[in-house]
Amino acid sequence: MIELWGRKNSYNVQKVLWALDELSIEYTHQDVGSKLGDLETPEFLQLNPRARIPVLVDEGSIIWESNTIVRYLSAAYGENLLWPASPVERSYADRWMDWELATLQPDFMGLFWGFYRKPEAGRDSGQIEKSKSRCEQHFAMLDNHLKDNDYLAGEAFSMGDIPAATSLYRYFEMGMAVKKPAHLMAWYQRLSAREAFQQTIMTPFAELKGREQY
Ligand SMILES: N[C@@H](CCC(=O)N[C@@H](CS)C(=O)NCC(=O)O)C(=O)O
């Protein structure tokens, strides 16, 4: 049986929830990360010495880092569903996952934390504008790629779509006016039609507003 550790309103946990749902995998859930100090217990540190969620345990094997977990689930349970069979196509999915982790996520988190999670009185408008402008550049690049591709790795939905698209619901719904380029929006609409996306990503997150504690 698969066990997933991590509160369901965490951005990184949501990537994993989406992959699990796409693959109709049954799992048990441990709601940690919402209470102060609960990732610092000896029990949790045995699972992830970095004290971060998500963590997935599959028959005793411990996997952490959200994109690694999405890759693992895709390889183990998602051949031709999330895991492209051809190594070249797989590299197309992989590069967008790496891009999300190294490039998009730091700027999106800068925006989400700077604008949404910081109490209004403490917001730094210069930092918010910088993060927003970088996010708009990143999404403009995606828009250009999506002009000729229905999904990030090509014609079919794959694991490559999951990390980058996890940010979109919050990006559009956090109450900030942002650019909405046409091809990016068409991709977002294709993903929004997926039940797994609706169930795991398009979920209310107002409890995070103005809250810097986890
Ligand atoms: N690079 C890691 C980042 C993990 C991370 O920072 N997770 C956050 C939640 S999104 C966390 O554990 N925060 C502490 C908490 O929720 O208590 C990954 O992708 O898994």
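First listed ligand is number 1; within each ligand, the first listed atom is number 1. The structure presented is a predicted model; accordingly, all values stated were derived computationally and were not measured.
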Original post:
Can S131 and Q127 be counted as having a side-chain donor-acceptor contact under 3.5 angstrom?
Top reply: yes
Does ligand 1 have any N/O pairs with the protein under 3.5 Å, and how far apart?
| unit_1 | atom_1 | unit_2 | atom_2 | d |
| --- | --- | --- | --- | --- |
| ligand 1 | 1 (N) | E65 | OE1 | 2.8 |
| ligand 1 | 1 (N) | E65 | OE2 | 3.3 |
| ligand 1 | 7 (N) | I53 | O | 2.8 |
| ligand 1 | 12 (O) | I53 | N | 2.9 |
| ligand 1 | 16 (O) | R7 | NE | 3.0 |
| ligand 1 | 16 (O) | R7 | NH2 | 2.9 |
| ligand 1 | 16 (O) | G33 | O | 3.3 |
| ligand 1 | 17 (O) | G33 | O | 2.7 |
| ligand 1 | 19 (O) | N12 | OD1 | 3.3 |
| ligand 1 | 19 (O) | S66 | N | 3.3 |
| ligand 1 | 19 (O) | S66 | OG | 2.6 |
| ligand 1 | 20 (O) | S66 | N | 2.8 |

Subject >> Cation over ring face, R190 and Y151, 6.0 Å, 45° >> reply: yes
Original post:
Does Y27 reach the side chain of L17, with side-chain heavy atoms less than 4.5 Å apart?
Top reply: yes
Subject >> Pairs meeting criterion side chain to side chain donor-acceptor pair (under 3.5 Å) with involvement of residues 161-186, two or more places apart >> reply: D161-W187
**OP:** Name the orientation class of the two ring planes belonging to Y11 and F108 (parallel below 30°, tilted from 30 to 60°, perpendicular beyond 60°).
**Re:** tilted
**OP:** Working to the nearest 0.5 Å, report the span between NZ of K15 and CG of L101.
**Re:** 6.0 Å
